[in-house]
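See below for the structure under consideration.
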Amino acid sequence: MIEKSGNTIIFRKGNEILKIEPWGTDSLRVRATMNPRFSDTLWGLTEPVEASDVQITLHAGGAEGAVITNGKVSAGISANGVLTFFKDGRQILKEYNRFYDQTASRETCCLKVVQREWKGLRGGDYKLTVRFNPNDGEKLFGMGQYGMPCLDVKGCTLELAQRNGQVSIPFVLSSLGYGFLWNNPGVGRATFGTNVTEWFSECLTDMDYWITAGDTPADIVRNYTAAVGRAPVLDDSYLGFWQCKLRYRTQAEVLAVARKYRELGIHLDVIVIDFFHWIRQGDWGFDSDYWPDPKAMCDELHAMGTKVMVSIWPSVDKKSIHYAEMKDRGLLVRVERGSLQTYDFQGDCLTFDATNPEAREYIWQIAKKSYVDYGIDMFWLDNAEPDYSVYDWENYRYWLGPALACTNIYPKYYNQAFYDGMKAMGKTSIVNLTRSGWVGSQKLGAVLWNGDVQSTWECLRDSVAQGLNMGICGFPWWNTDIGGFMWGNVESPAFHELLIRWAQFAVWSPIMRLHGDRDPHDTPQLCADPQQDYGGGYLFTGRPNEIWSYGEAVQKALTAQIALRQSLRPYLAELSREAAETGAPVMRTMFWQFPEDETCWNLRDQYMFGSRYLVAPVLESGCTERQVYLPAGQWRLRDTENTVTGGQWITVPVTLDAIPVFQRIL
């Protein structure tokens with residue numbers, strides 16, 4: 001049965017209720033449930049949207065289907081509940097149904113495969129598979145970040161789950177002019193096959209997705225970010241150079257590094273204090289043996305114009321000073337069976353439950369007293385997935401529900417704890433570096449990075465596609481560890497080349513941050529007592545990771561790149577305002593800026609930095625030339641007066657001094 005209810009369409013068949021309603025400009029939200037009523041959870045669709053002038057037509061009173069239209073997008077529903085979506089009257093997406101039904105359209109047959117396949121779980125909720133017909137020649141982008149060089153995810157099967165280096169943002173943008181959000185934070189997978197598209201969830205109460213249509217990628221992402229939230233303006237004091245390493249072990253080390261940068265005439269926007277500045281995980285405070293006066297440290301750094309960031313982990317060691325209270329108050333992630341442990345790096349730990357409002361307030365109050373009151377400006381929300389020793393999601397349960405049903409939203413709530421706390425203090429510029437996120441995390445001041453990637457050319461190549469797809473998903477502020485995080489040898493000329501190329505890419509990334517755990521690992525521990533397995537003195541650290549740590553030639557090269565970044569500050573401030581107003585990414589796919597150019601839809605190793613610059617990073621060792629595609633128009637290679645007419649591929653000679661960057665002449 002199909003009926004009109006206000007500005008929505010309701011479909012009922014058997015125990016399933018399906019609802020289609022307008023949800024923002026040129027957009028529709030589609031929900032279904034096997035329960036008597038919907039749960040009415042917003043998940044990612046948190047922002048108020050404008051009322052729409054909707055048109056609804058019932059065919060034969062609903063007995064033969066119905067159509068709902070909201071601007072450019074329409075949804076038709078057949079008598080047997082199969083949905084078809086249109087943009088300006090042209091079909092863009094249709095549910096996949098291969099089940100015999102006399103009332104259905106002629107495409108159905110006797111395979112008994114349905115478009116929405118519900119499977120009841122013991123105890124209550126459902127597994128769900130939603131299927132769509134594929135579109136020949138379609139290209140698909142977004143979905144967050146995965147460890148692969150693919151920009152176009154058509155042909156991929158992607159796990160919907162958070163891991164170190166994998167960020168699941170289930171929003172996809174189509175070359176056919178639509179965007180699709182799987183509005184569910186549960187574990188599952190998305191398959192974009194040539195024979196079928198499938199969205200699968202391991203555990204849910206309601207099916208929930210959102211679809212929008214637009215003439216350009218910019219229109220689609222504008223609609224999407226209006227519904228899920230946009231990043232606030234990033235203050236220009238964050239747009240330069242950030243210094244970080246694994247790990248500064250003492251207050252004296254941090255100040256020595258900052259003072260040397262000042263002597264060199266290099267401004268640090270941010271300096272980062274990494275993990276195990278604490279005594280145990282879950283203590284959330286400085287080990288006073290090595291950090292005797294954090295306030296004096298912050299005061300000196302602030303006098304240099306440098307912000308101070310500290311690492312926070314969600315793991316709580318059972319020997320932590322806060323463990324017993326948090327366990328008694330139910331502020332920790334629960335395990336369904338086996339021993340009480342979720343994480344085992346340098347301790348026997350459980351994870352604080354960020355989905356619990358009380359737990360968020362608890363950790364913030366500790367962080368405020370232990371860090372903010374000393375002058376710490378921002379937080380590095382590491383292990384934000386959260387990182388688990390074993391990714392056995394069916395064994396974990398949150399305040400919000402089973403991990404299978406909601407774990408992907410964890411990093412958003414983790415970020416929420418610190419955003420809300422800072423906002424309540426009256427802070428207006430809130431920025432926290434976060435290792436994972438979910439739909440809408442960007443509105444909470446989250447700056448994401450691509451995790452603990454290796455120091456390899458392969459990971460550098462992957463980073464380009466990752467940054468571009470994160471931009472499509474509404475995250476304008478994203479970055480990488482310059483040089484990769486692990487296994488970069490400070491004494492290796494081969495690594496020096498990679499480091500320089502990575503730094504050149506980072507100049508033309510949303511955030512420029514030098515970080516890494518450098519080999520060889522021969523730095524003695526500060527505490528020589530083999531019996532001490534706690535505190536800031538016992539844990540290992542990598543080699544130094546400042547620009548002077550690699551010799552004079554590398555220092556000269558990196559100094560030049562930092563200076564180039566500094567010169568881009570006014571332009572980056574423009575891009576920051578644009579991102580806040582429209583959701584536009586800082587790193588942009590070529591087709592974002594030139595959607596009418598078919599070649600641009602196939603490019604994955606060059607990109608636009610805003611609308612003005614075309615960037616072609618060098619992604620292989622020993623490169624002496626680079627193929628670059630220039631769209632139609634006039635272009636000028638930076639630092640030259642050479643003007644080139646676009647609409648063609650060109651070969652650009654390359655030295656180690658720079659990567660090809662072209663300025664668009666308007």
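Keep in mind that what you see is a predicted model, and the values were worked out from it rather than measured.
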Hey, could you give me the OG1/CD distance between Thr434 and Gln442, rounded to the nearest 0.5 Å? 11.5 Å
Could you tell me how the ring of Trp199 sits relative to the ring of Phe192: parallel (under 30°), tilted (30 to 60°) or perpendicular (over 60°)? perpendicular
Distance (rounded to the nearest 0.5 Å) between Lys94 NZ and Ser78 OG: 7.5 Å
Is the closest side-chain heavy-atom distance between Val67 and Phe86 below 4.5 Å? no
Under 3.5 Å: donor-acceptor pair, side chain of Glu198, backbone of Arg131: no
For the residue pair Trp478 and Gln145, confirm or rule out a side-chain donor-acceptor distance under 3.5 Å. yes
Heavy-atom count check: over 12 atoms from other residues, nucleotides or ligands less than 6.0 Å from Arg90 CZ? yes
Just to verify, which of Ile220, Asn469, Val228 counts as forming a side chain to side chain contact (heavy atoms under 4.5 Å, CB included) with Phe171? Ile220
Tell me the closest heavy-atom pair linking Lys127 and Glu202, and the distance in Å. CG-O, 3.1 Å
Given Tyr413 and Arg360, is the side chain to side chain contact (heavy atoms under 4.5 Å, CB included) satisfied, shown in steps? CA-CA 8 Å; Tyr413 281 121; Arg360 295 198 296 272; 3.3 Å; yes
Is any NZ, NE, NH1 or NH2 atom of the basic residue among Arg189 and Glu159 found under 4.0 Å from an Asp or Glu carboxylate oxygen of the other? no
Specify whether Tyr209 and Phe132 have parallel, tilted or perpendicular ring planes, treating 30° as the upper limit for parallel and 60° as the lower limit for perpendicular. perpendicular
Look at the side chain of Asp152 and the backbone N and O of Asn602, then say whether any donor-acceptor pair between them is shorter than 3.5 Å. no
Which class fits the ring pair Phe180 and Trp182: parallel under 30°, tilted 30 to 60°, perpendicular over 60°? parallel
pair Tyr410-Gln162: side-chain heavy atoms closer than 4.5 Å: no
Is there a donor-acceptor pair closer than 3.5 Å between any side-chain N or O of Asn432 and the backbone N or O of Ala446? no
Would Val49 and Arg29 count as a side chain to side chain contact (heavy atoms under 4.5 Å, CB included) if you check the C-alpha gap in whole Å, the side-chain angles of each, and the deciding distance to 0.1 Å? CA-CA 12 Å; Val49 292; Arg29 185 183 185 189; over 6 Å; no
Closest heavy-atom pair and its distance - Asn408, Ser168: ND2-OG, 4.2 Å
If we only count heavy atoms from C-beta on, is the Leu176 to Lys87 side-chain gap below 4.5 Å? no
Which of these passes side chain to side chain contact (heavy atoms under 4.5 Å, CB included) with Trp43: Asn183, Asp206, Val439? Asn183
So, the side chain of Asn7 versus the backbone of Pro22: is there a donor-acceptor pair under 3.5 Å, distance only? no
What are the two closest heavy atoms between Pro386 and Tyr398, and how far apart are they? CD-OH, 3.9 Å
Examine the side chains of Gln466 and Asn450 and answer whether a donor and an acceptor come within less than 3.5 Å of each other. yes
Could you tell me whether the side chains of Tyr96 and Thr197 share a donor-acceptor contact shorter than 3.5 Å? no
Checking side-chain polar atoms at under 3.5 Å, does Thr645 have a donor or acceptor matched by the opposite partner on Gln634? yes
Mind checking whether Ile77 and Leu18 have side chains closer than 4.5 Å, heavy atoms only? yes
Pairwise side-chain contact, Val73 with Thr212, heavy-atom cut-off 4.5 Å (strictly under): no
Kindly give the heavy-atom pair with the smallest separation between Glu581 and Arg230, and that separation in Å. O-NH1, 2.9 Å
Does Glu596, at its CD atom, have more than 12 non-hydrogen atoms belonging to other residues, nucleotides or ligands within less than 6.0 Å? yes
How far apart are the closest heavy atoms of Ala384 and Ser436, and which atoms are they? CB-N, 3.9 Å
Backbone N or O of Leu400 within a donor-acceptor pair of the Thr355 side chain at under 3.5 Å? yes
Donor-acceptor pair, Thr589 side chain versus Trp592 backbone, under 3.5 Å? yes
Has the side chain of Gln115 got a donor or acceptor atom that lies under 3.5 Å from a matching backbone atom of Asn97? no
Check the pair Thr57, His59 against side chain to side chain contact (heavy atoms under 4.5 Å, CB included), reporting the backbone distance first and the verdict last. CA-CA 6 Å; Thr57 302; His59 302 307; 4.0 Å; yes
For Glu361 and Asp420, what are the C-alpha separation, side-chain angles and deciding distance, and is it a side chain to side chain contact (heavy atoms under 4.5 Å, CB included)? CA-CA 9 Å; Glu361 177 63 16; Asp420 287 350; over 6 Å; no
Test applied, salt bridge (Lys or Arg N to Asp or Glu O under 4.0 Å); reference residue, Lys72; option that passes from Asp219, Asp215, Asp26: Asp215
With a 4.0 Å cut-off, would you call Arg12 and Glu3 a salt bridge? yes
Any chance you could measure Ser576, atom OG, to Asp235, atom CG, to the nearest 0.5 Å? 8.0 Å
Rounded distance (nearest 0.5 Å) linking atom CD of Glu21 with atom CD1 of Ile56: 10.5 Å
Can any side-chain N or O of Asn479 pair as donor or acceptor with the backbone N or O of Leu448 at less than 3.5 Å? yes
Verify whether one side chain among Ser174 and Glu138 offers a donor that lies under 3.5 Å from an acceptor in the other. yes
CD of Glu574 to CG of Leu568, rounded to nearest 0.5 Å, is 11.0 Å
Would a distance-only check, ignoring hydrogens and angles, find a side-chain to backbone donor-acceptor pair under 3.5 Å from Asn415 to Leu444? yes
Ile169 to Gly437 - nearest heavy-atom pair and separation: CD1-O, 3.4 Å
Do the ring planes of Tyr224 and Trp210 sit parallel (below 30°), tilted (30 to 60°) or perpendicular (above 60°)? tilted
Do Thr407 and Tyr396 touch side chain to side chain, with heavy atoms closer than 4.5 Å? no
I'd like to know whether the aromatic ring centres of Tyr571 and Tyr613 sit less than 6.0 Å apart in this structure. yes
When you measure from the centre of the six-membered ring of Phe662, is the NZ or CZ of Arg664 under 6.0 Å away and within 45° of the axis? no
Taking atom CD of Glu358 as the centre, report whether more than 12 heavy atoms of other residues, nucleotides or ligands fall under 6.0 Å from it. yes
Any side-chain heavy atom of Trp601 sitting closer than 4.5 Å to one from Pro595? yes
Judged by atom type as modelled, is there a donor-acceptor pair below 3.5 Å linking the side chain of Glu394 to the main-chain atoms of Leu404? no
Partner of Arg31 under side chain to side chain donor-acceptor pair (under 3.5 Å), picked from Asp208, Asp40, Thr41, is Asp40
Just checking Tyr178 against Phe85, ring centres under 6.0 Å apart? no
d(Arg37 CZ, Thr205 OG1) to nearest 0.5 Å is 12.5 Å
Can you check whether Arg588 reaches Leu575 side chain to side chain, under 4.5 Å on heavy atoms? yes
